[in-house]
Number of protein chains: 4
Amino acid sequence: MAKRTGEKYEAIIDAAVRVIAEFGYHNAQVSKIAREAKVADGTIYLYFENKDDVLISLFSEKMGSFISEAEEAIQHFDSPVEQLHQLIRLHFEYLESDRELAIVTQIELRQSNPEVRQGIGQILKRYLDMIDRIVEDGIKKGLYRSNLDVRMTRKLIFGTIDETVTSWIMNDRKYSLLSQVEPILELFVHGIGHQTREM
Amino acid sequence: MAKRTGEKYEAIIDAAVRVIAEFGYHNAQVSKIAREAKVADGTIYLYFENKDDVLISLFSEKMGSFISEAEEAIQHFDSPVEQLHQLIRLHFEYLESDRELAIVTQIELRQSNPEVRQGIGQILKRYLDMIDRIVEDGIKKGLYRSNLDVRMTRKLIFGTIDETVTSWIMNDRKYSLLSQVEPILELFVHGIGHQTREM
Amino acid sequence: MAKRTGEKYEAIIDAAVRVIAEFGYHNAQVSKIAREAKVADGTIYLYFENKDDVLISLFSEKMGSFISEAEEAIQHFDSPVEQLHQLIRLHFEYLESDRELAIVTQIELRQSNPEVRQGIGQILKRYLDMIDRIVEDGIKKGLYRSNLDVRMTRKLIFGTIDETVTSWIMNDRKYSLLSQVEPILELFVHGIGHQTREM
Amino acid sequence: MAKRTGEKYEAIIDAAVRVIAEFGYHNAQVSKIAREAKVADGTIYLYFENKDDVLISLFSEKMGSFISEAEEAIQHFDSPVEQLHQLIRLHFEYLESDRELAIVTQIELRQSNPEVRQGIGQILKRYLDMIDRIVEDGIKKGLYRSNLDVRMTRKLIFGTIDETVTSWIMNDRKYSLLSQVEPILELFVHGIGHQTREM
DNA sequence: TATGAATGAGATTTCATTCAT
DNA sequence: TATGAATGAAATCTCATTCAT
């Protein structure tokens, strides 16, 4: 029933991002999104199943397409270390270039109900899988430690990236997110310990 | 006006944890919490300002007291590495021993409104400060790398711990959270890179 | 946001009058008014800001329009005595023809909260101003005593009219309100004293 | 059951006057009155049937005793004109000397529910009867016009006095209420018309 | 007499969704 | 396709009153 393409489909999603970023998740009513998108309230239901569908679609369109781009981009690099480097860089670059989207995906949508969160989780799965592949490849190629627990390593990488972006937004983006790429990678690769290899 | 102590105060908070864990944040009505606590709806307002206050108090009582305990406990260890070890262990131990609380603090309360989230944020600040102190101490004592960015390191540690707990709950706690302590610490200290010092 | 016109706007106001007259101010719930107006509860909030707004609008529509009519009508009379006569007559005629409205404006709305009472007060101001103009005009034309205190005279006129209507309602409207027009005017003009001029 | 005398009985009534005058009828909760009276909430119910009873008793004690005094006082005057004069003077004197009481009886208690209003009405009946007697006496003695409608005259007198006091309070008592005695009486006796006898 | 902690009924308002046009 | 007026369920909080102590 819901038509998932077209000018208005995109207009509604973009309007949702703007409205949620400006007013917050709890003040982003359907009618406000409709007004921002310059369509009638009812029109939204011609393109989306319901409000949850708008939010999940928002995440899917914006982050899903970023993930696809990232998947493609890192294939151009052989080294898993470099792949990780590029993944972080692309992630930060993408969110730094669209601050409204960063607010929405990083802060506001986290307040959503279980249905939306589950939808978001499914989309994020592809991102996590990408991390897994990089880690596994790194181990295989001898660049990452052979005794790494892949799942735990994924949590290290994703959790840190996520916390870094959230923190950057919470601090009103006073500094450049991209400036954090090298420090993060350095931490990932070397850890926090001193002369750890010899210990 | 709100009496913040007493048997019923605790009964209401405990009831809130149980109700939110069972029914989810969006289905945890005041009347349901009251029934679970075996008090009248109005009694809740003798002990709390409003519903938000119940939720913030819940977090404050449960996580605040954990943080105090943790602060005390790690003082018994000199080595910042061991302090970090103990902090992670205590954190996992605490949440693994109270699965309902884990669900509420890791998943459900994140859906709350900005007021509650802010209240939670203030309590978490003490936790983040504790991490900062450990890291700074570790650097000073030469156990952590001298060029560590303390703020970024804090994000690594907190982000990874948080992601690990969330992931454990999302996976229906199929494995032991405590079993993750050593792997996490290992990752924190050594990083993911192989023979990184020589690279 | 609130659309202050239309069929339903009037239906809601009329329903409010009926419900308040029948059940009293304290038992006139929004849902009861909505049911009486044959609209959904929420529809009321498409036409009014809130419940207070319904009550103030009720007074404004009913008494405000009466005041406008009265202002217009008395202009057709030159004599301030006749103007006063007509004002009283119109007032009594209006309320006698709509007994429910009389109950609501004279008795029930007086129990309302300060916000509503203030709204009502502002509308009544125009009525009081009209009395003032008649009195001032009467003094100027030598029909009323030159040493009249206009403000006090206004209180005499308004206070007596108001008390008369209230009393009529309280006595279950056993007599005709219009029958009181001449006696009131007579009292206003001549006072209660006998042969006072010669005293 | 309710003990209608004693130190606390009076303390509660006085507290009610103060609380209602300060916070308004709608913010005069039983617990606030109890606190002001320095008794426990429950104690109020040892002296009064319920909250309505407090309010009616308040009016009864304060205005009832005033009415008794007034009844006694005017008996010392033979002339019904002078009796009216004194009644108005006593009324204004009483309320001007106790501004809190004036606010409560004139403004706040009018917002009360039908039960309280009825209780108040019964007490006021004695006041209205007193006016009736003065008017009837005045007619009999030839001081008031013989064709006066007693009931209407009562409304003139009571309505004007009432409106005058209300207006005085609403204007924040910027002028002296007692200064209005002569102007009112003058209006009552002579009316507003000029040379009306000869007209 | 006096206390005050506890009770619990009850009402306004919001907003996602529908459907006649 | 598009509209937008109408729907109606649902939840927080207040406060008069009670009753065990």
Side-chain angles (χ1 to χ4, degrees), chain A residues 1 3 6-9 26-35 37-55 113, chain B residues 1 3 6-9 26-35 37-54, chain C residues 1 3 6-9 26-35 37-54, chain D residues 1 3 6-9 26-35 37-55 113:
Chain A
M1 197 130 263
K3 187 171 166 269
E7 238 175 64
K8 298 202 173 168
Y9 176 80
H26 290 285
N27 287 304
Q29 293 84 356
V30 169
S31 60
K32 210 180 264 176
I33 294 171
R35 203 178 321 127
K38 289 180 180 150
V39 299
D41 293 17
T43 304
I44 288 186
Y45 292 85
L46 298 175
Y47 291 87
F48 300 88
E49 295 285 339
N50 49 37
K51 187 181 179 182
D52 282 358
D53 189 24
V54 176
L55 303 179
N113 61 39
Chain B
M1 206 128 271
K3 193 174 159 252
E7 237 174 69
K8 301 215 166 154
Y9 175 80
H26 289 287
N27 286 304
Q29 294 85 353
V30 169
S31 60
K32 212 179 263 176
I33 294 171
R35 205 178 318 128
K38 289 182 181 145
V39 299
D41 292 18
T43 303
I44 288 186
Y45 294 86
L46 296 177
Y47 291 87
F48 300 89
E49 296 283 341
N50 48 40
K51 189 181 177 182
D52 281 359
D53 189 24
V54 175
Chain C
M1 207 127 269
K3 194 175 158 252
E7 237 174 69
K8 301 214 168 158
Y9 175 80
H26 290 288
N27 287 303
Q29 295 85 353
V30 169
S31 60
K32 213 180 263 175
I33 294 171
R35 205 179 317 129
K38 291 182 180 146
V39 298
D41 293 17
T43 303
I44 289 188
Y45 293 85
L46 296 177
Y47 291 88
F48 301 88
E49 295 284 341
N50 48 40
K51 189 182 177 182
D52 281 358
D53 188 25
V54 175
Chain D
M1 199 128 266
K3 187 171 166 271
E7 238 175 64
K8 297 201 174 169
Y9 175 80
H26 290 285
N27 286 304
Q29 293 85 354
V30 168
S31 60
K32 211 180 263 175
I33 294 171
R35 204 180 317 129
K38 290 180 180 147
V39 299
D41 293 16
T43 304
I44 288 186
Y45 292 86
L46 297 175
Y47 291 87
F48 300 89
E49 297 284 341
N50 49 39
K51 187 181 179 182
D52 282 357
D53 188 24
V54 175
L55 304 178
N113 60 40

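Residue numbering restarts at 1 for every chain, and letters A, B, ... go by the order of the sequence lines. Keep in mind the model is a prediction, meaning the values are calculated, not measured.
- Separating the NZ atom of K32(C) from the P atom of dT12(E) is a distance of 10 Å, rounded to the nearest angstrom.
- The nearest whole Å value for the distance from the CD atom in E7(A) to the C1' atom in dT1(F) is 14 Å.
- Note that the two end axes of the helix from dA2(E)-dT21(F) to dT21(E)-dA2(F) enclose an angle of 10°, each drawn from 5 base pairs, rounded to 10 degrees.
- Between K51(B) and Q29(B), the closest heavy-atom pair is NZ-CA, 4.2 Å.
- Scored by the salt bridge (charged side-chain N to carboxylate O under 4.0 Å, His left out) test, D53(A) finds R4(A) as partners (sequence neighbours excluded).
- Listed nucleotides dT7(E), dG4(F), dC13(F) differ in distance to A40(A); the shortest reach to its side chain belongs to dG4(F).
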Show me the protein contacts with nucleotides 18-21 of chain F, counting only N or O atoms at under 3.5 Å.
none

Please step through side chain to side chain contact (heavy atoms under 4.5 Å, CB included) for the pair N27(C) and K32(C), ending with a clear verdict. CA-CA 9 Å; N27(C) 287 303; K32(C) 213 180 263 175; 4.1 Å; yes

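- A search for side-chain contact (heavy atoms from CB on, under 4.5 Å) contacts involving D52(D) returns N50(D), N113(D), E115(D), V116(D), not counting sequence neighbours.
- dG8(F) atom P lies 13 Å from atom CD1 of I44(C), rounded to whole Å.
- Residues passing the ring-ring contact (aromatic ring centres under 6.0 Å, His included) test with Y9(A) are F48(A), sequence neighbours excluded.
- Residue K8(C) places at least one side-chain N or O closer than 4.0 Å to OP1 or OP2 of dA6(F).
- Along DNA chain E, the nucleotide nearest K38(D) and the nucleotide nearest N50(C) are compared for position; the residue whose nucleotide lies closer to the 5' end is K38(D).
- One atom, NZ of K3(C), and another, C1' of dA5(F), lie 8 Å apart when rounded to the nearest Å.
- Partners of V39(C) according to the side-chain contact (heavy atoms from CB on, under 4.5 Å) rule, which considers only residues two or more places apart in sequence or in another chain, are K8(C), I12(C), A34(C), A37(C), T43(C), I44(C).
- Contact check for V54(D) versus Y47(D): no side-chain heavy atoms found under the 4.5 Å cut-off.
- Atom pair H26(B):NE2 and dA10(F):P shows a separation of 16 Å (rounding to whole Å applied).
- A28(D) and I33(D) get closest at one heavy-atom pair: O-CD1, 4.1 Å.
- Distances were taken from every side-chain heavy atom of T43(A) (C-beta onward) to each of dT3(F), dA2(E), dA6(E); the shortest belongs to dT3(F).
- Looking at the side chain of V30(A), the nearest of the listed nucleotides dT12(F), dT17(E), dT3(E) is dT17(E).
- Side-chain proximity of K51(B) to dT12(F), dT17(F), dT3(E): nearest is dT12(F).
- Atom CD1 in I33(A) sits roughly 16 Å away from atom C1' in dG4(F) (whole-Å rounding).
- The OH-C1' distance, from Y47(C) to dT7(F), rounds to 12 Å in whole Å.
- If you find the closest nucleotide of DNA chain F to Q29(B) and to L46(B), the one lying nearer the 5' end belongs to Q29(B).
- The separation between N113(A) atom CG and dA16(E) atom C1' is 12 Å, rounded to whole Å.
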